[in-house]
Protein chains: 2
Amino acid sequence: MQTINLKTLASALGLSVSTVSKALQDSHEISPETKQRVWQLARELDYVPNPHASSLRRKRSKIIAVVIPEVADSFFSLAIKGIEAVAQQKGYHTLIYLTYESLTKEQTILHDFQSGRVDGIIISLSGQTTHIDHVTALERKGIPVVLFDRIFEGTTLPRIITNDRESGYLATRHLLQRQCRRIGFLSVSDSLSITKQRQTGYIAALEEATMPVLPEYMLTLPDERAEQEIILSGLLTGPDAPDGLVASVEKTAILTYQLCEKLCIPIPEQLKVISFSNLETASLLNPSLSTITQPAFDMGEAAASTLFNLVEGKNIRSMPTIQCIPSELIPRRSTQQAAE
Amino acid sequence: MQTINLKTLASALGLSVSTVSKALQDSHEISPETKQRVWQLARELDYVPNPHASSLRRKRSKIIAVVIPEVADSFFSLAIKGIEAVAQQKGYHTLIYLTYESLTKEQTILHDFQSGRVDGIIISLSGQTTHIDHVTALERKGIPVVLFDRIFEGTTLPRIITNDRESGYLATRHLLQRQCRRIGFLSVSDSLSITKQRQTGYIAALEEATMPVLPEYMLTLPDERAEQEIILSGLLTGPDAPDGLVASVEKTAILTYQLCEKLCIPIPEQLKVISFSNLETASLLNPSLSTITQPAFDMGEAAASTLFNLVEGKNIRSMPTIQCIPSELIPRRSTQQAAE
DNA sequence: CCGGTTTACGAAAACGATTTCGTAAATAAA
DNA sequence: TTTATTTACGAAATCGTTTTCGTAAACCGG
């Protein structure tokens with residue numbers, strides 16, 4: 001069971017290694033008859049070229065890396081699917097790395113890519129990430145990088161985003177139109193630009209409606225589940241409890257649902273909730289949850305397409321450095337007004 | 001900005017390439033002083049070894065492949081997380097491939113692995129897969145393979161599974177104990193052993209209770225959404241409509257919920273539902289869904305650990321060829337009996 | 001028939017790391 | 001002091017492809 005390679009083929013055919021290699025690549029230097037002989041034997045012996053040798057020689061691996069904070073998540077898993085679909089179709093292989101929201105892990109992972117392991121990188125930043133020196137370092141070494149959803153502001157790297165600010169604005173206006181007058185904003189502790197954008201939109205909507213923007217209604221939940229419960233319960237049962245919530249993170253909406261059940265706060269009668277979320281089951285929740293749904297699959301596809309264009313050096317100038325794919329607001333029962 | 005490699009280091013230090021290589025591997029052949037010099041310069045110049053060269057020479061890539069039918073799925077995405085966690089900790093890299101339930105794609109993907117691209121493979125079979133010649137071919141070439149959840153019966157390859165048969169049995173008994181007398185079983189069209197196992201458990205429970213096993217209650221839904229609706233609606237609104245359902249696939253439970261809402265069939269009063277599912281939001285559904293929850297993360301971890309043991313040739317004999325990690329039945333409102 | 005161009009192939013040098021040997025010097029054993 | 005052994009390093013082969021050259025032979029036009 002010896003492994004079969006170019007040398008095996010060459011000697012079996014009485015040809016040189018270089019001729020066989022060129023024949024397999026359908027080079028014009030090789031006569032049609034020879035090509036046929038080579039192709040046939042390669043098929044018979046089930047020859048598969050060694051990718052490591054090829055990558056070493058060509059300095060191209062046909063591998064990309066996807067670096068994300070989490071995978072067990074409706075947004076990221078769908079995005080991966082979009083990326084993988086394009087990669088598979090283009091003949092690329094996809095390495096996946098999880099940062100678990102840790103800057104240190106993110107740095108370690110990216111550092112390894114200096115080696116030329118991958119041809120390009122798609123990354124969605126960790127919640128801890130406050131600078132992207134480790135990312136730009138790769139760009140400077142000539143390795144294409146595409147930022148994706150959780151981007152960094154103030155960089156010229158290619159980015160794929162959705163309209164977070166506008167969505168935050170629309171979600172808030174959605175609540176205002178449904179007679180909410182004390183609207184809260186839930187986020188988790190991170191330094192992400194998307195969170196800021198969403199919050200900016202929320203504030204803009206309030207100001208447009210000449211409503212007060214109250215800091216005590218803008219909750220940043222800590223990482224600890226127990227603390228989260230205490231803080232959010234405090235808000236929900238306080239004297240001036242909100243009658244509407246914009247959840248900038250799916251997880252906070254779920255927490256809200258659980259607490260409202262426990263605290264007997266009826267949704268949407270007493271509290272209306274809308275969440276940034278990609279849950280497929282949003283429509284089956286009790287009550288069905290109004291969502292801002294991000295185009296995860298499309299964003300993955302766009303990121304991958306952009307990356308492959310960069311990798312293959314195609315019309316780099318013609319590509320927009322930033323692409324925005326809009327989210328969709330899907331109203332459901334959790335923000336429904338009582339019929340009068 | 002020339003790329004830095006062993007030769008760069010060697011000439012900068014006045015040493016040979018082989019010495020530098022050995023020093024970096026902390027070989028005993030190298031004196032402590034020389035090692036220090038090498039390490040320091042490597043750190044200063046931020047040397048990262050070229051993995052393709054290394055893989056070529058060592059015939060070991062420190063890369064594994066994960067081949068699954070789908071990723072935008074609560075089970076598989078969580079399993080990936082378990083796999084990646086172990087891989088990262090062991091210093092391995094993870095390639096991910098989606099088969100989209102297609103045998104052809106599965107074969108194409110696995111065929112490429114003959115090249116030595118990866119050190120080992122974790123695979124969960126596509127729904128179309130009825131033989132695993134393409135898998136055993138790899139094993140014969142000396143590439144370790146671990147089957148995972150969707151296994152093939154009648155192979156001696158290492159497998160990680162959960163107790164599907166028993167879970168099907170327990171789910172059905174759960175319904176029987178709650179006074180269901182006409183219990184249906186929902187599946188989708190595939191040739192998977194896990195589906196068969198679950199159904200076997202379902203049948204066993206019925207027989208144990210001396211209940212009739214009726215073929216019209218065992219529904220295999222087609223791929224088309226429209227047809228699914230017609231068939232399932234037919235069952236739910238028929239003269240002898242079931243009063244309990246075991247959904248062997250999450251998707252069928254969701255469909256049931258949607259149809260019941262449309263058809264005004266109250267759950268659990270008129271129909272109790274329990275589903276194999278890893279939905280985090282099961283407890284938030286309307287009504288909250290009783291589930292058989294698979295230990296996705298643990299199964300991923302176990303698959304990865306097993307694979308690494310095989311790859312590194314550790315105590316191959318001592319490893320069980322099949323590991324079963326039990327699922328958990330979580331009763332919720334969808335199977336609750338009315339208080340009397 | 002003769003210089004010039006194709007055509008079709010092979011030799012050999014990469015790519016960057018690992019590993020097997022060989023060997024001078026240093027050390028230990030006899 | 002002589003022999004044996006260790007220590008610490010370098011030369012060179014190797015992994016399997018790709019790619020650049022070099023070159024016989026065939027082909028061409030005039």
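By convention in this document, chain letters (A, B, ...) are assigned in the order of the sequence lines, proteins followed by strands, and residues within each chain are numbered from 1.
Backbone-only engagement by B/Lys59 is indicated by non-hydrogen atom pairs under 4.0 Å involving sugar-phosphate atoms exclusively. If you check every strand for non-hydrogen atoms under 4.0 Å, B/Pro51 touches nothing. Looking at heavy-atom distances under 4.0 Å, B/Ile30 makes contact with sugar-phosphate atoms alone, never a base. Using a 4.0 Å heavy-atom cutoff across all strands shown, A/Gly116 reaches no nucleic acid atom at all. A/Ser54 comes within 4.0 angstrom of sugar-phosphate atoms only, judged by non-hydrogen atoms across all strands, and of no base. When heavy atoms are screened at a 4.0 angstrom cut-off, B/Thr34 is found touching the sugar-phosphate backbone but no base atom.
In this structure, A/Arg60 places its CZ atom 16 Å from C1' of D/dT17, rounding to the nearest Å. Computed from coordinates, the B/Lys22 NZ to D/dT7 C1' distance equals 12 Å when rounded to whole Å. One atom, NE2 of A/His52, and another, C1' of C/dA14, lie 19 Å apart when rounded to the nearest Å. Put simply, CG on B/Asn50 is 18 Å from P on D/dC15, counting in whole angstrom units. Rounded to an integer number of Å, the gap from A/His28 NE2 to C/dC9 P is 13 Å. Put simply, CZ on A/Arg57 is 16 Å from C1' on C/dA17, counting in whole angstrom units. D/dA13 atom C1' lies 11 Å from atom NZ of A/Lys7, rounded to whole Å. Separating the CG atom of A/Leu56 from the P atom of D/dT19 is a distance of 12 Å, rounded to the nearest angstrom.
Looking at the side chain of B/Asn5, the nearest of the listed nucleotides C/dG16, C/dG10, D/dT18 is C/dG16.
The phosphate of C/dT18 has OP1 or OP2 within less than 4.0 Å of a side-chain N or O from B/Arg58. Within the 4.0 Å cut-off from OP1 or OP2 of C/dT19, at least one side-chain nitrogen or oxygen of B/Gln25 is found. Between A/Thr19 and C/dC9 there is no side-chain N or O to OP1 or OP2 distance below 4.0 Å. Using a 4.0 Å cut-off, no side-chain N or O of B/Ser31 falls inside it from OP1 or OP2 of D/dA8. A sub-4.0 Å separation between OP1 or OP2 of C/dG16 and a side-chain N or O of B/Tyr47 is absent.
Listed for the A/Asp119 side chain is no donor-acceptor partner under 3.5 Å among the backbone atoms of A/Ile64. Judged by distance alone, the side chain of A/Glu70 and the main-chain N or O of A/Ala72 form a donor-acceptor pair under 3.5 Å.
Annotation for A/Ser191 and A/Thr130: closest pair OG-CG2, 3.5 Å, computed over non-hydrogen atoms. Heavy-atom minimum distance, B/Pro158 versus B/Val145: CG-O, 3.4 Å. Heavy atoms only, all atoms of each residue included: A/His134 and A/Glu106 are closest at NE2-OE2, 2.8 Å.
Counting atom types as modelled, B/Ser18 pairs no side-chain N or O with a base atom of C/dA17 as donor and acceptor under 3.5 Å.
A distance below 6.0 Å separates the ring centres of B/His93 and A/Tyr97.
Toward the 5' end of DNA chain D, the nearer of the two residues A/Val17 and A/Glu29, judged by each one's closest nucleotide, is A/Val17.
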